[in-house]
Engineer: 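Mind looking over this structure? Questions follow.
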Amino acid sequence: MERWRPCPCPSPCLPRIPKENPMRLSVFFMPTLKETPAEAQIASHRLMLRAGMVRQSAAGIYSWLPLGWKVLRKIQQIVREEQDAAGAQEVLMPTIQSADIWRESGRYDAYGKEMLRITDRHDREMLYGPTNEELITQLFRDNVKSYRELPKILYHIQWKFRDEVRPRFGVMRGREFLMKDSYSFDVDYEGAKRSYEVMFNAYLKTFKRMGLTAIPMQADPGAIGGNLSHEFHILAETGESGVFYDIAYDELAAKGEIDLDALSRLYAVTDEKHDPNAPNVPPPERLKVARGIEVGHIFYFGTKYSKAMNAVVAGPDGNPLVVEMGSYGIGVSRLVGAIVEAFHDDRGIKWPESVAPFKVGLINLKVGDSACDTVCEDIYRRLSAAGVEILYDDRDERAGVKFADMDLIGLPWQLVAGPKGLAAGVVELKSRHTGEKQELSVESALARLCG
RNA sequence: CGGGGUGUAGCUCAGCCUGGUAGAGCGCCAGCUUUGGGAGCUGGAUGCCGGAGGUUCGAAUCCUCUCGCCCCGACCA
């Protein structure tokens, strides 16, 4: 069976996206809920629980069930592809770290109770990593010795833990979360700025591929230090923070790649930093007010860690050079929740096709009816063979249950085959996004879905 | 970490005030009838009533302690 398809990216050297196996709902582990669990407050949390994507195991800690895991992997893969395309190289660093390197940077004591501290059997002080600057700096300094090996951008996608006092909003604000972190190493500020711009543009592409509008906001570098810093917020009505931005951003974004200098002149801030009297605030008719969810954060922090941890390379003149660093995060697991916040209605989720757990949901309205069974099996087989990710609802359930579940889990396309339609030679194709339904022959439906 | 809630069946919840040995709806299992947007009837299974201690002849219910979870705030991707 065809399990791989060419990557849709323009660049031919990108890896291929592994496809999801076709699946029958009669065997799929997807425990949907008709009622909303009491603990879930916001839409994405409610829907992710109801759709059987995740289950909480402790406060802010979740198991990912097949449906949720598929989405998480797709998001992860888009992030990975865009990082690779930008020239970053993937590594994998451990979740458990030694306290020693955190003492070198001075953060072991500075970091509060959010750091989960662990003692091993030999009484060594360990911790479950809340972030990885120390680890990557150590990795770099131990293995890179010359300026000629720079610039470098390394990244990893790994689980992290921050012992938040009050986890909430499901996977959007969990204690354990999957993050992509990139770290750039350059010989000077100019280089660091170029790395920053490369990541900046990679982020715009990454979020766009997920169907999201991501607005880079000027961010306070805060405790990390440095003077180049942007938070990427995606727009969602139920977003956690208010955002204000110049409508010119939308015009720029439509053009694709955005020039950082052009962008940095635009006004775009979250509500706590909004200053109506700031010099570059656009007039009211050009100031967009919306709500956003932070899904990425990039910043340049210079030599903060390289200096403290002695990450130096030999410069052109033979003298040691303290490397200039930046770090670039994307909340991968948080994005799952954020995308649901951005794309849902009162019936359920509406996945953008690029991250949908399956592309098509096939509903057999009357299991046991030989016409329905035959046609559905045929569709299932042919779409599977064509590499179209399909979830076939072959359960012996009532129509209403199937429609409700399919709307809930939000696959982009629903293909409905029932006795009445088949008698007339048609099946129904419904777009979950627009709600538009169309009756057409099996052949044309297949043609549409294979495209 | 401050403040406020809450814990009873897989899910949503009633019962607690006023102690007498556990319920409803949905879900699950079986059968029949249904069948194009979360069906109807009949029958059935499921609970150490979060845990420990105490009061009492008797505790889901009252008291003490404890743990989990949720909400507001502070904090954060």
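Protein chains get the first letters and strands the later ones, always in sequence-line order, with residue 1 at the start of each.
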Engineer: Is there a donor-acceptor pair closer than 3.5 Å between any side-chain N or O of A:Arg334 and the backbone N or O of A:Glu294?
Structural biologist: yes

Engineer: With a 4.5 Å heavy-atom cut-off, do A:Val332 and A:Leu72 have their side chains touching?
Structural biologist: yes

Engineer: Starting at OH of A:Tyr203 and ending at P of B:A77, how long is that distance when rounded to a whole Å?
Structural biologist: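 It is 13 Å, rounded to the nearest whole Å.
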
Engineer: Polar atom pairs between nucleotides 25-28 of chain B and protein, under 3.5 Å, N or O only, would you list them?
Structural biologist:
residue	atom	partner	partner atom	Å
B:G25	N2	A:Glu35	OE1	2.9

Engineer: Return yes if a side-chain donor-acceptor contact under 3.5 Å exists between A:Ser182 and A:Lys180, otherwise no.
Structural biologist: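 Per modelled atom types, A:Ser182 and A:Lys180 side chains form a pair under 3.5 Å.
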
Engineer: Which is more 5' along RNA chain B, the nucleotide nearest A:Lys113 or the one nearest A:Lys402? Just name the residue.
Structural biologist: A:Lys113

Engineer: Would A:Tyr300 and A:Tyr196 count as a ring pair (Phe, Tyr, Trp, His ring centres under 6.0 Å) if you check the C-alpha gap in whole Å, the side-chain angles of each, and the deciding distance to 0.1 Å?
Structural biologist: CA-CA 7 Å; A:Tyr300 158 77; A:Tyr196 187 91; 7.8 Å; no

Engineer: Taking only the C1' atom of each, what is the distance from B:G27 to B:C16 in whole angstrom?
Structural biologist: 27 Å

Engineer: Give the rounded distance in Å between these two atoms: CG of A:Asp396 and P of B:G31.
Structural biologist: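 Rounded to whole Å, this separation is 12 Å.
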
Engineer: Looking only at atom P, what distance separates B:C70 and B:U64, rounded to whole Å?
Structural biologist: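 Approximately 25 Å lies between the P atom of B:C70 and that of B:U64.
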
Engineer: In chain order, what residues pass the side chain to side chain contact (heavy atoms under 4.5 Å, CB included) check against A:Ala88, with sequence neighbours excluded?
Structural biologist: A:Gln83, A:Ile153, A:Tyr155, A:Met199

Engineer: Give me the distance, rounded to whole Å, that separates B:C49 from B:U8 when you measure between the P atoms they each carry.
Structural biologist: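 11 Å, rounded to whole Å.
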
Engineer: Looking only at side chains, do A:Tyr189 and A:Glu324 share a donor and an acceptor under 3.5 Å apart?
Structural biologist: no

Engineer: Which sits closer to the 5' end of RNA chain B, A:Arg347 or A:Thr36, going by the nucleotide each is nearest to?
Structural biologist: A:Thr36

Engineer: In whole angstrom, give the distance that lies between atom CZ of A:Arg46 and atom C1' of B:C11.
Structural biologist: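 My rounded result for the distance is 15 Å.
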
Engineer: Take atom P in B:C48 and the same atom in B:A60, then report the distance between them in whole Å.
Structural biologist: 13 Å

Engineer: Who does B:G10 pair with, Watson-Crick or G-U, both distances under 3.5 Å?
Structural biologist: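 B:G10 is paired, partner B:C26.
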
Engineer: Regarding A:Ser431 and A:Glu436, do their side chains bring together a donor and an acceptor under 3.5 Å, going by distance alone?
Structural biologist: no

Engineer: Using a heavy-atom cut-off of 4.0 Å across all strands, would you classify A:Gly421 as base, sugar-phosphate, or nothing?
Structural biologist: base

Engineer: Any strand is fair game: report the nucleotide pairing with B:C1 by Watson-Crick or G-U wobble, both distances under 3.5 Å, or none.
Structural biologist: B:G73

Engineer: Side chains of A:Asp271 and A:Ser241: do they bring a donor and an acceptor to under 3.5 Å?
Structural biologist: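 Note: A:Asp271 and A:Ser241 side chains miss the donor-acceptor criterion.
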
Engineer: Look at all strands and tell whether A:Pro419 reaches a base, only sugar-phosphate, or nothing, counting heavy atoms closer than 4.0 Å.
Structural biologist: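 Base, at least one base atom sits under 4.0 Å.
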
Engineer: Just to be sure I understand the rule, does A:Val295 reach a base, reach only the sugar-phosphate, or reach nothing, if contact means heavy atoms closer than 4.0 Å?
Structural biologist: nothing

Engineer: Sort out the partner of B:U61 for me: Watson-Crick or G-U wobble, both distances under 3.5 Å, none otherwise.
Structural biologist: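 Looking at the geometry, B:U61 pairs with no nucleotide.
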
Engineer: A:Gly174 near the nucleic acid: base, sugar-phosphate alone, or nothing, with a heavy-atom cut-off under 4.0 Å?
Structural biologist: base

Engineer: Can you tell me how far C1' of B:C75 sits from CZ of A:Phe177, to the nearest Å?
Structural biologist: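 Value for this atom pair: 13 Å.
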
Engineer: For the residue pair A:Ser306 / A:Thr303, report whether a side-chain donor-acceptor contact shorter than 3.5 Å exists.
Structural biologist: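 On atom types as modelled, these side chains do not qualify, holding no pair under 3.5 Å.
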
Engineer: With a 3.5 angstrom cut-off on both distances, give the Watson-Crick or G-U wobble partner of B:A45, or none if there isn't one.
Structural biologist: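 When the pairing criteria are applied, nothing turns out to pair with B:A45, so the answer is none.
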
Engineer: For atom P, what is the distance between B:G4 and B:G40, given to the nearest Å?
Structural biologist: 44 Å

Engineer: Do the rings of A:Tyr203 and A:Phe207 sit parallel, tilted or perpendicular, given the 30° and 60° boundaries?
Structural biologist: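 Ring orientation of A:Tyr203 relative to A:Phe207: perpendicular.
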
Engineer: Do A:Met406 and A:Leu411 come within less than 4.5 Å of each other through their side chains, counting heavy atoms only?
Structural biologist: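 Answer yes - side chains close enough.
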
Engineer: Protein-nucleotides 40-47 of chain B N/O pairs closer than 3.5 Å?
Structural biologist:
none

Engineer: Would you measure the distance from the C1' atom in B:G47 across to the matching atom in B:U42 and give it in whole Å?
Structural biologist: 24 Å

Engineer: Under 3.5 Å, is there an N or O donor on one side and an acceptor on the other linking the side chain of A:Arg162 and the base of B:C76?
Structural biologist: no

Engineer: How about A:Asp181 and A:Tyr328: does a side-chain donor come under 3.5 Å of a side-chain acceptor?
Structural biologist: no

Engineer: Rounded to whole Å, please give me the gap between CG in A:Asn364 and C1' in B:G36.
Structural biologist: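 Rounding to the nearest Å, CG of A:Asn364 and C1' of B:G36 are 12 Å apart.
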
Engineer: Go through residues 87-97 of chain A and report each residue with a non-hydrogen atom lying under 4.0 Å from RNA chain B, sorted by number.
Structural biologist: none

Engineer: What orientation do A:His230 and A:Phe200 show, parallel under 30°, tilted 30 to 60°, or perpendicular over 60°?
Structural biologist: perpendicular

Engineer: What protein N or O atoms touch nucleotides 67-71 of chain B N or O atoms at under 3.5 angstrom, if any, and at what distances?
Structural biologist:
residue	atom	partner	partner atom	Å
B:C69	OP1	A:Ala59	N	2.6
B:C69	O3'	A:Gln56	NE2	3.3
B:C70	OP1	A:Gln56	OE1	3.4
B:C70	OP1	A:Gln56	NE2	3.4
B:C71	OP2	A:Arg166	NH1	3.4

Engineer: Give the table of side-chain donor-acceptor pairs shorter than 3.5 Å for residues 412-423 of chain A, with sequence neighbours excluded, one pair per line with atom names and distance.
Structural biologist:
residue	atom	partner	partner atom	Å
A:Trp413	NE1	A:Glu353	OE1	3.2
A:Gln414	NE2	A:Asp407	OD1	2.7

Engineer: Counting Watson-Crick and G-U wobble pairs only, both distances under 3.5 Å, name the nucleotide matched with B:G36, or none.
Structural biologist: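 Looking at the geometry, B:G36 pairs with no nucleotide.
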
Engineer: Measure the distance from CG on A:Leu33 to P on B:C13 and round it to the nearest whole Å.
Structural biologist: 13 Å

Engineer: Strictly distance-based, threshold 3.5 Å: is any side-chain N or O of A:Arg291 a donor or acceptor partner for the main-chain N or O of A:Glu240?
Structural biologist: yes

Engineer: Given the structure, check if the side chain of A:Arg173 and the base of B:C75 hold any donor-acceptor pair shorter than 3.5 Å.
Structural biologist: yes

Engineer: Any non-hydrogen side-chain atom of A:His297 less than 4.5 Å from a side-chain atom of A:His233?
Structural biologist: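 No, their side chains stay 4.5 Å or more apart.
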
Engineer: Assign A:Lys420 to base, sugar-phosphate, or nothing according to its heavy-atom contacts below 4.0 angstrom with the strands shown.
Structural biologist: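 The residue A:Lys420 makes base contact.
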
Engineer: Return the value, rounded to whole Å, for the distance between atom CD1 of A:Ile363 and atom P of B:U35.
Structural biologist: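 In whole Å, B:U35 P lies 19 Å from A:Ile363 CD1.
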
Engineer: Could you work out which one of B:U34, B:G37, B:C1 sits closest to the side chain of A:Ala399?
Structural biologist: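 Nearest nucleotide to the side chain: B:G37.
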
Engineer: Taking it one step at a time, do A:Tyr183 and A:His156 satisfy ring pair (Phe, Tyr, Trp, His ring centres under 6.0 Å)?
Structural biologist: CA-CA 9 Å; A:Tyr183 300 94; A:His156 81 340; 7.0 Å; no

Engineer: Can you measure A:Leu25 atom CG to B:G38 atom C1' for me and round it to whole angstrom units?
Structural biologist: 14 Å

